[in-house]
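Numbered from 1 within each chain, the chains take letters A, B, ... in sequence-line order.
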Amino acid sequence: MTEKIMLIDGNSIVNRAFYGVPLLTNSAGQYTNGVYGFLNILFKLMDEEKPDYLAVAFDLHAPTFRHKEFGGYKGTRKGMPDELRTQMPLLKEMLQAMNIQTYEMEGYEADDILGTLSAKAEEQGVVPVVVSGDRDLLQLASETLKVRIPKTKGGRTETEDYYAKDVVEKYGVTPLEFIDVKALMGDASDNIPGVPGIGEKTAAKIIREYHDLENAIAHASEVKPKKAAENLAEFQAQARLSKFLATIIRDMPISLDKEGTKIGNMFNATAYDLVKRLELKSMFDRFEKDEVQTTQIQDFHGVYSFDEAKIFFQNLENKETAYIILMDESVCQGLALYQEDLGGVWLEVGEELTEEQFFALAKPFFSDDRFIKIGHDIKKDLKILGASIGEMPKISFDTAIGAYILNPTGSSYDYDDLAKTFLNQVFPSGEEVLGKGKSKKAFCILSEEERKNFAVTQAKVCFEAKKIMEKQLAENGQTELFYDIEMPLIYVLADMEEYGIKVDKEALLLYQKNLETSIDIITKEIFSLSGEEFNLNSPKQLGVILFEKLGLKGGKKTKTGYSTAADVLEKLKYEHPMVEKILYYRQLAKLKSTYADGLLAVMDEKTEKIYSTFNQTITATGRISSTEPNLQNIPVRLELGRELRKVFIPENREFCFLDADYSQIELRVLAHIAGDETLINAFRNNQDIHRLTASQVFHVPFDEVTSLQRSNAKAVNFGIVYGIGSFSLSQDLGISRKEAEQYIAAYFAKYPNIKKYLNETIQHATEEGYVSTLWNRRRAMPELQSNNFVQRSFGERVAMNMPIQGSAADIIKIAMVHVHKALKEGGYRSRLILQVHDELLIETYIEEREAVARILKENMEQAAELSVPLDVEVHEGNSWFEAK
DNA sequence: CAGTTCACG
DNA sequence: ACGTACGTGAACTGA
């Protein structure tokens, strides 16, 4: 039986579908008729063709390869109406949910993709059926290749089908001659000029007689009518160009992914959810057939003794193994494994296999990368295993990180999330295993046997999910991001967490004590001014005192009552002496509770060090975050808080700190991405960027910029990075909204490419449904589809900010991996201990400090090659305070 | 457990 | 006319 692949031109079909059915919206106000019509056509054709493979191709909105060769696309492409444009991301989401492979490639049109994939399919003995709304595709028709052109009328879909002979019958020319016809007649919508004065009829007549363009040109003088003959001779170069433009490319640099295009589970839970969300009621039936499956609990082969385990480990080589290490407190209970042909295995640590024996046997498995291991949240394993086997394990795939890269806005990435997201399975809850009345959290009271089953099942989920993730990462162009940045970074973070940072305990206690004294004094002063005692930490009680008892005028700002936030109080500072004292109290209280008390509470008593956790799967932009404690928000802006940094010190006198930070990394990234010459040149010439902006925005010579102008310009620069709004800028600067608008307008007038970039980013994000960084980190942008002004505006700001913040995050992550590697490979004793978004702190062995400073600066500045230089400043000191 | 405030980039 | 800057984490209050 020969196999068949159906190749669909996504753009032209959705277009036909859109115009073929009435404009529909769901109750959220999203237009849905294009998606609906597309699915109708798809299902009808699939029912008829019963293909084994399926792929949908889309245009990318960029000059095409062919037009580029001729100096770019001239003229404007017909834009889609908004009602259709907003449906494109929904359609792509739908196709992804249905596990349908999509193809698109910068510089090529959907036509070219279909042309290429159909050629590849034929080479592989798969019969292609090409589906398009566009007659250009007829040039692909052959004796075996069928082109289908569907048309939807009042909800009914009909198709015209063409093999080569049908083309000849209908148009009197062969499929290949069809190209020559088009070369003569041109096509306004595709920007193909053709020959003036030759239309469809004449072109067909000429080609029927002369068969191809060159022959027709050679016989130009014989062509009739006379006007056509003259024009053909005169515009023969244009005709040749037109032929080139009209020819579909059949050898693009892409490959046909047979595995990926194989028709899989289209009618799954995710797709059903989406169909429901879009309210495509007549589709419900099709999708309901296949409800979410419950993950089947895996049986396992048990390994309980030393001898069994010894033999067992040796047989795991060269095959992918998903593993889960089960720990109770710090004692290892056992190891759950899953392999394709082996199935589930449970290795139990117990009487016949001691923990010590287990780790000895597991050492080669974990430390040799001939054993290909898939883990989940491997950072915790690296720390446990690293300590137990005395060597850093090598794990090739972390499924939590994979899930995060594919969707950084997920709420969590547990095993049950993987099952749902990647396998359309609901992970059995404790309830199902244990019977009613017990929640999933009752996992710990599962019986021993059930617990092992669960662990093995989780390993299987990781194993299966990894396969799908790897495919999706490749489709998204995120393979490098994942394997070269995120995976290696796990090891860096694991080391950082393990080293921790030393604290001067005595100094911290003193700091705490001083704060306590100051807080006592200021509290008494406040109470004597207010005439009564109240809870100073309660905004509610404070509001009553300030705005009711003392009668200060503060507009209601929050849901619950008066706002007493710092910016509000700042404005009331001169109205009553208490206000300033409140602000001071707040400062002290923050420092004491969050920092002094907080840090002491998490300090390890034995080592007098603080061990933070660096989370790699939290932020929507690709930054890392730090918790318990958060070491990324240690005070620096105000002097009193900054003093706290004196308690962060090197481990002992053999070490000092080197602190390296990127200068203006986000603005540099913006200059690069937007390609703004003014900004690029400024960075190349190492100019003061805020001063430059000030001179541009306020129309004053560079050297005459006042410090107020400079600081205002700084706020404008920040605003640009955050997705500016005039209201917020006016609030920030304490100016009128009108003035703020003028600043912004002046900024965009001076930096037109920035404005252009920001607009294009929003446009692209709306069409594609996501934004990306320079290293293809992605964030989905569903907010842009919202009908709610607030939500949509938020989406627009996010779309502008994410590529900037995210690319900066990519850069420092690359730098961290490189610095870590250089320190390890160079045999240095110095180590990376902290990252604060644009800053790295290294605990440096004093004898190595010059070399390490060089390593830092070089690796950070060379982490990325942008059109502007990256600039890194390195400072040395005996505390974080001194080194900053 | 949501809301408010405030520390950082 | 919407209600307003992007990304975090922690402490605290008061339902």
May I ask you to decide whether A:Arg623 forms a salt bridge with A:Glu666, counting only side-chain N to carboxylate O separations under 4.0 Å?
->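 Answer for the salt bridge query: yes.
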Pair A:Glu643 + A:Lys646, salt bridge at N-O below 4.0 Å |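 Salt bridge present between A:Glu643 and A:Lys646.
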Let me know the distance between [atom1] of [X] and [atom2] of [N], rounded to the nearest Å.
X        : N      : atom1 : atom2 : answer
A:Phe614 : C:dG9  : CZ    : P     : 13 Å
A:Lys592 : C:dC12 : NZ    : C1'   : 13 Å
A:Tyr585 : C:dA11 : OH    : P     : 15 Å
A:Gln541 : C:dC12 : CD    : C1'   : 12 Å
A:Phe789 : C:dA5  : CZ    : C1'   : 13 Å
A:Arg797 : C:dG3  : CZ    : P     : 12 Å
A:Ile624 : C:dG9  : CD1   : P     : 11 Å
A:Gln731 : C:dT4  : CD    : P     : 11 Å

Which listed nucleotide (C:dC12, C:dG14, C:dA5) is nearest to the side chain of A:Ser593?
->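 Output: C:dC12.
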Taking the side chain of A:Phe794 as its heavy atoms from C-beta onward, which of C:dC6, C:dG9, C:dA5 lies nearest to it?
-> C:dC6
Within this structure, what is the [atom1]-[atom2] distance for the pair [X] and [Y], rounded to the nearest 0.5 Å?
X        : Y        : atom1 : atom2 : answer
A:Lys750 : A:Leu679 : NZ    : CG    : 14.0 Å
A:Ser530 : A:Lys581 : OG    : NZ    : 12.0 Å
A:Leu508 : A:Ile610 : CG    : CD1   : 7.0 Å
A:Arg642 : A:Ile634 : CZ    : CD1   : 13.5 Å
A:Ser626 : A:Ile618 : OG    : CD1   : 11.5 Å

For C:dA5 versus B:dA2, give the span between their C1' atoms, rounded off to a whole number of Å.
-> 23 Å
If you measure from the P atom in C:dC2 to the same atom in B:dC6, how many Å do you get, rounded?
->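 Pairwise P distance, C:dC2 against B:dC6, rounds to 27 Å.
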If you compare every side-chain N and O of [X] against the phosphate oxygens of [N] (OP1, OP2), does one of them come in below 4.0 Å?
X        : N      : value
A:Asn535 : C:dT13 : yes
A:Ser538 : C:dG14 : yes
A:Arg792 : C:dC2  : no

Stem ranges of DNA chain C by first residue number, counting only runs of at least 3 Watson-Crick or G-U pairs under 3.5 Å, come to B:1-9 with C:6-14
Give A:Ser626 one of three labels, base, sugar-phosphate or nothing, depending on what nucleic acid heavy atoms sit under 4.0 Å from its own.
-> sugar-phosphate
Answer with base, sugar-phosphate or nothing: what part of the nucleic acid does A:Ala589 contact at a heavy-atom distance below 4.0 Å?
-> nothing
Side-chain contact, heavy-atom cut-off 4.5 Å: A:Leu729 with A:Tyr722?
-> no
Ignoring hydrogens and geometry, is there a side-chain-to-backbone donor-acceptor pair from A:Glu861 to A:Pro869 under 3.5 Å?
-> no
Going by atom types only, do A:Arg778 and A:Tyr770 share a side-chain donor-acceptor pair under 3.5 Å?
-> yes
Taking the six-membered ring for Trp and the full ring for Phe, Tyr or His, determine whether the centres of A:Phe881 and A:Phe648 are under 6.0 Å apart.
-> no
With A:Arg777 as reference, evaluate A:Asp810, A:Asn476, A:Thr621 under the side-chain hydrogen bond (donor to acceptor under 3.5 Å, both in side chains) test and give the passing residue.
->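 That would be A:Asp810; it is the only one of A:Asp810, A:Asn476, A:Thr621 passing the side-chain hydrogen bond (donor to acceptor under 3.5 Å, both in side chains) with A:Arg777.
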DNA chain B contacts among residues 751-762 of chain A, heavy-atom distance under 4.0 Å = none
What are the two closest non-hydrogen atoms of A:Ala883 and A:Gly877, and how far apart are they?
->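 Smallest heavy-atom distance, with atoms named: CB-N, 3.7 Å.
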Between A:Val790 and A:Val798, which is nearer to the 5' end of DNA chain C once each is assigned its nearest nucleotide?
-> A:Val790
5' to 3', nucleotides 3-9 of chain B under a 4.0 Å protein heavy-atom cut-off (B base, S sugar-phosphate only, - none) gives SSSBBBB
